Amino acid sequence: MRIALQPIGDVPREVLEDLIEDLKGLGDASILDPIPLDPAWREPKGDQVRADPILDGLEPEGAHRVLGVTAADLHTGAYDFIFGLAKVQARPAVISLFRLGSTDPRVSRERVAKEAIHELGHTLGADNCPNRECVMSFSASVDAVDRKTAAFCGRCRPTIEFSAKRLRT
Amino acid sequence: MPEEWTGPTEQLDEFRFVIPKSYKPTMRTEGLIFADVKMMEQVKKDFAPEQVANVATMPGIVGRAMAMPDIHWGYGMPIGGVAAFGYDEGVLSPGATGYDVNCGVRLIRTGLTENEVRPKLKELVDTCFHNVPSGVGEGGIVKVDRKDLQRLAESGVRWAVENSYAWSEDPEHIEANGCLEDADFSKVSERAIARGKDQVGSLGAGNHFVEIQKVDRVYDEAAARAMGISQLGQVCVMVHTGSRGFGHQIATDYIATTEHAIKKYGIELPDRQLACAPIQSPEGQDYWKAMSCGANFAWNNRQLITHGVRNAFKSVLHRSPEDLGMGIVYDVCHNIVKIEEHTVDGKRWKVAVHRKGATRAFPPGHPETPAAYKSVGQPVLIPGDMGTCSFVLVGLPTAMERSFGSSCHGAGRQMSRKAAERMFRPNEVVKALNEKGIYLHAASKAGIVEEAPGAYKDVEHVVRVAEGAGLTKIVARMVPLGVVKG
């Protein structure tokens with residue numbers, strides 16, 4: 001699977017390069033030229049950005065999946081904040097670095113990797129998973145992100161493998 | 001008796017297991033099971049592979065005796081079984097066709113979305129329940145007299161069109177256009193006629209249902225669009241039922257007939273349940289004509305239920321079914337014999353393809369694939385068990401050479417109805433469904449537990465294996481919003 005990483009606004013280069021490494025289990029990632037954060041996506045009050053319209057603006061540029069990466073704080077109508085959002089069984093996903101930071105850079109990198117895999121997992125057809133250790137479990141806090149692993153559980157893995165295999169044919 | 005089937009299998013590739021001819025001296029051809037390693041372990045537990053080997057011994061069999069990934073133990077031939085017999089020297093077997101002749105699935109689309117339907121869901125399900133009689137022996141939507149029954153059994157869905165139970169374009173979206181033309185009512189017994197008369201437009205018990213569903217995954221946008229599935233959350237209605245007491249009686253009658261025929265024609269079989277008659281014999285021809293009546297009855301049955309469902313939507317939503325876009329996506333048979341042409345080992349054959357718990361899956365461009373689906377392939381409808389998901393697939397070109405253009409038909413039981421009754425409690429099943437946002441209206445409590453989701457194999461696994469094996473491609477997934485059960 002070819003994954004396009006789409007920096008939205010100012011995103012540190014090393015985060016994207018770490019992601020290329022950390023997403024190897026899913027496919028080959030490459031970095032697209034950054035696009036600006038559309039001011040229309042910003043909420044008139046507060047500093048947050050709506051995630052849904054971002055997904056519509058993401059272009060995979062020939063890749064199978066596109067993962068938007070932004071430093072902005074994302075939310076949807078249903079949730080006050082989110083770590084990421086994806087269209088299920090479709091191309092686009094986005095993650096926000098805003099709430100994933102830690103004083104330990106290794107922890108930050110792990111969190112970003114897990115949320116990236118989680119959102120790309122949705123684009124490959126997996127739902128949120130009730131297994132707390134599975135990367136597809138829904139995380140409402142960074143603690144929950146830290147508790148889960150970066151791996152798919154036995155139920156989610158076949159879904160991911162099926163979709164990934166299909167992309168190869 | 002050993003714990004599980006221990007016969008030999010050779011793994012051809014990731015999704016194909018062969019039972020070699022050497023397993024039984026009477027086998028005329030190999031057996032072939034479409035499954036993956038994990039599934040094969042489960043399959044061996046219920047001895048269904050033995051039934052595949054048994055079918056391989058039948059006279060006139062062309063190509064291999066096959067089983068789809070949802071294979072499980074059945075009467076004579078396993079559910080999920082596919083076998084083709086040469087038209088000139090082969091046989092027809094009512095047991096290998098199944099008791100519920102033309103049990104099948106129909107999908108009706110709507111232009112509605114989940115948000116529009118949710119507030120009226122309970123009312124819609126209850127009205128569908130009211131409009132469509134369910135349960136064992138319940139009367140049908142219409143009472144027909146003998147003349148009507150003959151007309152509908154001989155002319156298929158044309159009868160429903162003539163009587164305004166069908167739109168004029170409905171037959172185009174039904175396998176075989178909703179009619180097997182060779183049907184001859186004089187070959188149907190009085191007992192079958194008596195049982196069938198009051199059951200036209202009735203759901204029946206068992207795993208039969210009417211389900212209001214929403215599309216929750218689209219895997220192939222182009223194919224989905226061709227079927228009028230344009231967005232996630234779009235509401236569809238799935239109807240799963242067959243030929244009721246009429247078809248059951250036809251099967252029963254001709255199983256008795258063929259049990260005599262095997263003696264008359266000197267046919268030796270490893271299992272009496274596979275009783276059959278040469279296609280060209282009077283017994284074979286009579287069964288073919290009677291089975292065709294059963295198939296036509298089933299199509300009219302699903303048509304009348306469609307009529308009941310359309311009316312339910314009309315009365316609850318105060319909009320006409322036409323305005324609601326309630327056209328038929330497709331209607332497929334699960335238990336049927338069809339006369340088809342196939343190429344086996346480079347030779348063109350006219351064959352009687354028995355599909356029992358298996359679905360025809362013709363590829364894009366096949367002459368029998370309806371015009372609307374010429375570029376995407378024939379839709380294959382896979383009903384899930386209550387509370388899980390159903391699938392729309394399309395036939396792949398490779399299915400023609402690999403499986404006589406056939407694929408799976410459902411999840412396949414992994415627990416007997418009795419075992420399920422012991423395992424589950426009706427109230428808990430209903431509660432679990434409610435928690436998922438699914439409203440259930442059932443005629444009997446037994447029906448709820450017999451068909452509880454845990455009693456079946458994982459339908460998603462089955463359709464993935466079918467795609468891996470090159471039989472069908474997954475197009476969309478639907479999840480239930482409301483269920484009417486017999």
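Just so we're on the same page: letters track the sequence lines, and every chain starts at 1. Note: hydrogens, waters and symmetry copies are ignored here, and every other heavy atom, side chains too, is used. Bear in mind the structure is a predicted one, so any value in this text is a computation, not a measurement.
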Whether over 12 other heavy atoms sit under 6.0 Å from A:Phe81 CZ: yes
Flag if over 12 foreign heavy atoms under 6.0 Å of CD, A:Glu17: yes
Between CD on residue B:Glu460 and OG1 on residue A:Thr159, distance to nearest 0.5 Å: 5.0 Å
Neighbourhood of chain A inside residues 226-236 of chain B, taking heavy atoms under 4.5 Å as contact: none
A:Asp28, CG atom: more than 12 neighbouring heavy atoms under 6.0 Å: no
Residue B:Asn434 excluded, over 12 heavy atoms near CG under 6.0 Å: yes
Exceeds 12 heavy-atom contacts within 6.0 angstrom, atom CG of A:Asp104: yes
Check: A:Gln89 main-chain N/O paired with B:Arg217 side-chain donor or acceptor under 3.5 Å: no
Approximate separation, where rounding is to 0.5 Å, of A:Arg166 CZ and B:Arg464 CZ: 10.5 Å
Residues, nucleotides or ligands: over 12 heavy atoms within 6.0 Å of B:Glu221 CD: no
Crowding at CG, A:Asp47 (>12 non-hydrogen neighbours, <6.0 Å): no
CG/A:Asp33: more than 12 non-hydrogen atoms of other groups inside 6.0 Å: no
Salt bridge flag under 4.0 Å for residues B:Glu14 and A:Lys165: yes
